[in-house]
Amino acid sequence: MNPQQDPAADPVDIAVYGATGFVGALTARYLAEHAPPGVRVALAGRSEAKLAATRAALPAAAADWPLIVADSTDRAATDRLARAARVVLTTVGPYAKYGRHLVESCARAGTHYADLTGEVLFVRDAIDRCHGIARSTGARIVHSCGYDSVPSDLGVWLAHTAAEADDAGGLTEVRTVATMRGGVSGGTIDSLRGQLDTVRADRAARRLAADPHTLSPDRTAEPMPAQPSDAGPPARLDDGVWTAPFVMASHNTRIVRRSNALLGHAYGRGLRYGELQGCGRGPAGAAAAVAVTGGLGVLVGAFAVAPLRPLLDRVLPAPGSGPSERTRANGWFRMDVRATSGSGRRYRARVSGPGDPGYAATAVMLGESGLALALGGSALPDRAGSLTPATAMGDVLVDRLRAVGHTYEVSPG
């Protein structure tokens with residue numbers, strides 16, 4: 001597709017922006033292998049030559065996929081990309097640096113949008129700039145459609161729907177315990193580094209990032225129960241599982257709270273929601289919890305020490321890199337949502353899946369999010385604006401992920 005031509009008259013169903021990057025190429029491959037016949041997909045990025053090479057390495061179904069050249073810093077180019085597709089999936093981060101034009105272009109064009117961001121400050125900025133525009137155009141702007149934050153958001157959604165069906169009252173205390181096996185990519189490290197730099201340099205950004213309701217549509221209307229800490233000490237749960245801080249908690253919890261607020265606090269006005277990393281039972285679990293807690297503290301602290309930055313850059317993955325194919329295949333994730341309702345009834349939602357959570361499983365989640373937005377039609381919730389996976393797609397995405405082998409289940413308990 002020639003980027004100088006206006007493609008609005010014949011948009012593709014889904015455009016994958018960042019298709020030459022690590023997660024973008026995984027997402028493109030997933031769509032080539034799983035998109036239903038007739039779904040039209042395009043690959044988008046800065047370099048036509050690299051896009052062509054990516055396409056050539058994909059299964060035969062991608063052989064005729066069009067290529068869209070667009071630079072994220074060029075507003076006219078992101079406008080053309082937004083007009084070229086009904087849904088844009090973007091894996092180009094850090095999003096605060098590379099994502100601002102594209103999300104606004106999609107909001108203005110009425111194009112559905114999904115990303116993989118775990119950057120709470122970027123999401124807050126996108127809400128402020130794009131929510132009203134997207135509501136007027138009918139665009140669904142959906143952040144955090146990978147491991148950050150689909151399992152968390154949909155897991156709490158399942159617990160809520162079960163409690164609602166039982167007339168058990170709103171949810172009060174909910175904790176999600178995450179366990180996983182997998183690697184880490186340079187893009188994730190780069191995003192973490194960028195957000196830490198921002199909050200250290202800007203007091204207002206630091207306060208915003210620390211606010212548990214920073215993604216609320218109306219901060220003044222939020223109920224005020226104290227929320228669990230995102231970075232507490234190692235602790236032992238009632239069932240003997242030792243826990244440590246979960247690296248994604250500071251983002252996932254705010255996505256879940258935004259879902260609750262967008263739904264009129266349907267989960268419960270007294271909801272207290274937190275996330276932890278499960279480390280096992282007994283002495284080994286306790287030792288692992290201490291090690292994880294200490295390791296996270298050392299990593300965050302080391303980023304703050306300028307002389308250590310070159311050393312970290314040598315030992316941590318570089319942007320554009322990621323775990324090996326073997327690591328991705330051998331990985332897995334499990335999110336155990338433990339919920340208590342106002343009536344005292346308890347529920348356990350289990351969300352799990354095969355594959356490295358941040359890459360193999362994330363490509364499934366983002367790909368199925370794109371297919372849900374492109375094909376869901378009237379089955380999707382009747383909402384537009386800056387949304388979350390639960391409020392934009394809800395059961396449509398749950399059903400799609402179940403159909404491809406992910407577990408989404410809830411039971412009393």
Side-chain angles (χ1 to χ4, degrees), residues 1-8 11-12 14-24 27-28 41-48 50-51 66-146 148 187 190-191 193-195 197-198 202 205 208 215 251 319-320 366 369-370 373 384-388 392:
M1 182 179 295
N2 186 334
Q4 301 305 315
Q5 295 175 342
D6 187 344
V12 297
I14 299 172
V16 180
Y17 186 57
T20 62
F22 191 80
V23 183
T27 304
V41 180
L43 304 180
R46 290 186 301 169
S47 166
E48 186 171 6
K50 290 182 179 180
L51 288 169
L67 309 178
I68 304 173
V69 178
D71 189 317
S72 63
T73 64
D74 182 344
R75 175 65 63 81
T78 60
D79 284 348
R80 287 193 296 270
L81 172 57
R83 294 195 303 269
R86 296 173 55 224
V87 179
V88 171
L89 308 180
T90 175
T91 65
V92 180
Y95 291 88
K97 184 175 182 180
Y98 298 115
R100 298 182 83 247
H101 286 338
L102 181 57
V103 67
E104 191 169 338
S105 293
C106 288
R108 289 200 310 265
T111 298
H112 302 320
Y113 163 102
D115 66 28
L116 298 176
T117 189
E119 302 165 46
V120 71
L121 296 177
F122 167 76
V123 177
R124 181 68 260 178
D125 177 67
I127 292 167
D128 293 340
R129 291 185 300 109
C130 301
H131 180 62
I133 298 170
R135 288 190 67 185
S136 69
T137 64
R140 292 178 174 90
I141 304 298
V142 196
H143 299 291
S144 307
C145 289
D148 230 3
D190 205 27
S191 291
R193 181 191 292 114
Q195 182 149 296
D197 287 347
T198 298
D202 186 331
L208 196 62
L215 300 184
H251 187 78
L366 183 61
S369 294
L373 291 169
S386 186
L387 305 173
T388 61

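Counting from 1, the numbers follow the sequence of the chain as shown. The structure displayed is predicted, hence computed values, not measured ones.
- A heavy-atom distance below 4.5 Å is not found between the side chains of Thr388 and Ser144.
- Taken to the nearest 0.5 Å, the CG atom of Leu81 stands 11.5 Å off from the CG atom of Asp71.
- Taking CG of Leu116 as the reference point, atom OG1 of Thr91 lies at 6.5 Å (rounded to 0.5 Å).
- Closest heavy-atom contact between Ala107 and Thr137: O-OG1, 2.7 Å.
- Taking every heavy atom of both residues into account, Ser72 and Tyr98 meet most closely at CB-O, 3.1 Å.
- Not counting sequence neighbours, the partners of His101 by the side chain to side chain donor-acceptor pair (under 3.5 Å) test are Arg75.
- With rounding to the nearest 0.5 angstrom, the CZ atom of Phe122 is 14.5 Å from the NZ atom of Lys97.
- Between the side chain of His112 and the backbone N or O of Arg140 there is at least one donor-acceptor pair closer than 3.5 Å.
- Taking a cutoff of 4.0 Å between a charged side-chain nitrogen and a carboxylate oxygen, Arg108 and Glu104 qualify as a salt bridge.
- The shortest heavy-atom contact between Thr111 and Ala139 is O-CB, 3.5 Å.
- The heavy-atom pair separating Ala82 from Val88 by the smallest distance is CA-CG2, 4.5 Å.
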Next on the checklist: Would Arg83 and Asp79 count as a salt bridge (charged side-chain N to carboxylate O under 4.0 Å, His left out) here? Give the steps.
Outcome noted: CA-CA 6 Å; Arg83 294 195 303 269; Asp79 284 348; 5.1 Å; no

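- Taking SG from Cys106 and CZ from Arg86, the interatomic distance works out to 13.5 Å, rounded to the nearest 0.5 Å.
- Counting heavy atoms from C-beta on, the side chains of Tyr17 and Leu102 come closer than 4.5 Å.
- When all heavy atoms are compared, the tightest approach of Val92 to Gly18 is CG2-CA, 3.4 Å.
- Residues passing the side chain to side chain donor-acceptor pair (under 3.5 Å) test with Arg124, sequence neighbours excluded: Asp128.
- More than 12 heavy atoms of other residues, nucleotides or ligands sit less than 6.0 Å from atom CZ of Arg129.
- The nearest pair of heavy atoms linking Ala134 to Ile141 is CB-CG1, 3.8 Å.
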Next on the checklist: Please determine whether side chain to side chain donor-acceptor pair (under 3.5 Å) holds for the pair Thr117 and Asp115, giving the CA-CA distance in whole Å, both sets of side-chain angles, and the decisive distance to 0.1 Å.
Outcome noted: CA-CA 6 Å; Thr117 189; Asp115 66 28; 5.2 Å; no

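- In this structure, CD1 on Ile68 lies 11.0 Å from CD on Glu48, to the nearest 0.5 angstrom.
- Without hydrogens or angle criteria, His131 side chain to Ser386 main chain gives a donor-acceptor distance under 3.5 Å.
- Aromatic ring centroids of His143 and Tyr95 lie 6.0 Å or more apart.
- A distance of 10.0 Å separates OG of Ser105 from CZ of Arg80, quoted to the nearest 0.5 Å.
- In this structure, the side chains of Thr20 and Leu51 come closer than 4.5 Å at one or more pairs of heavy atoms.
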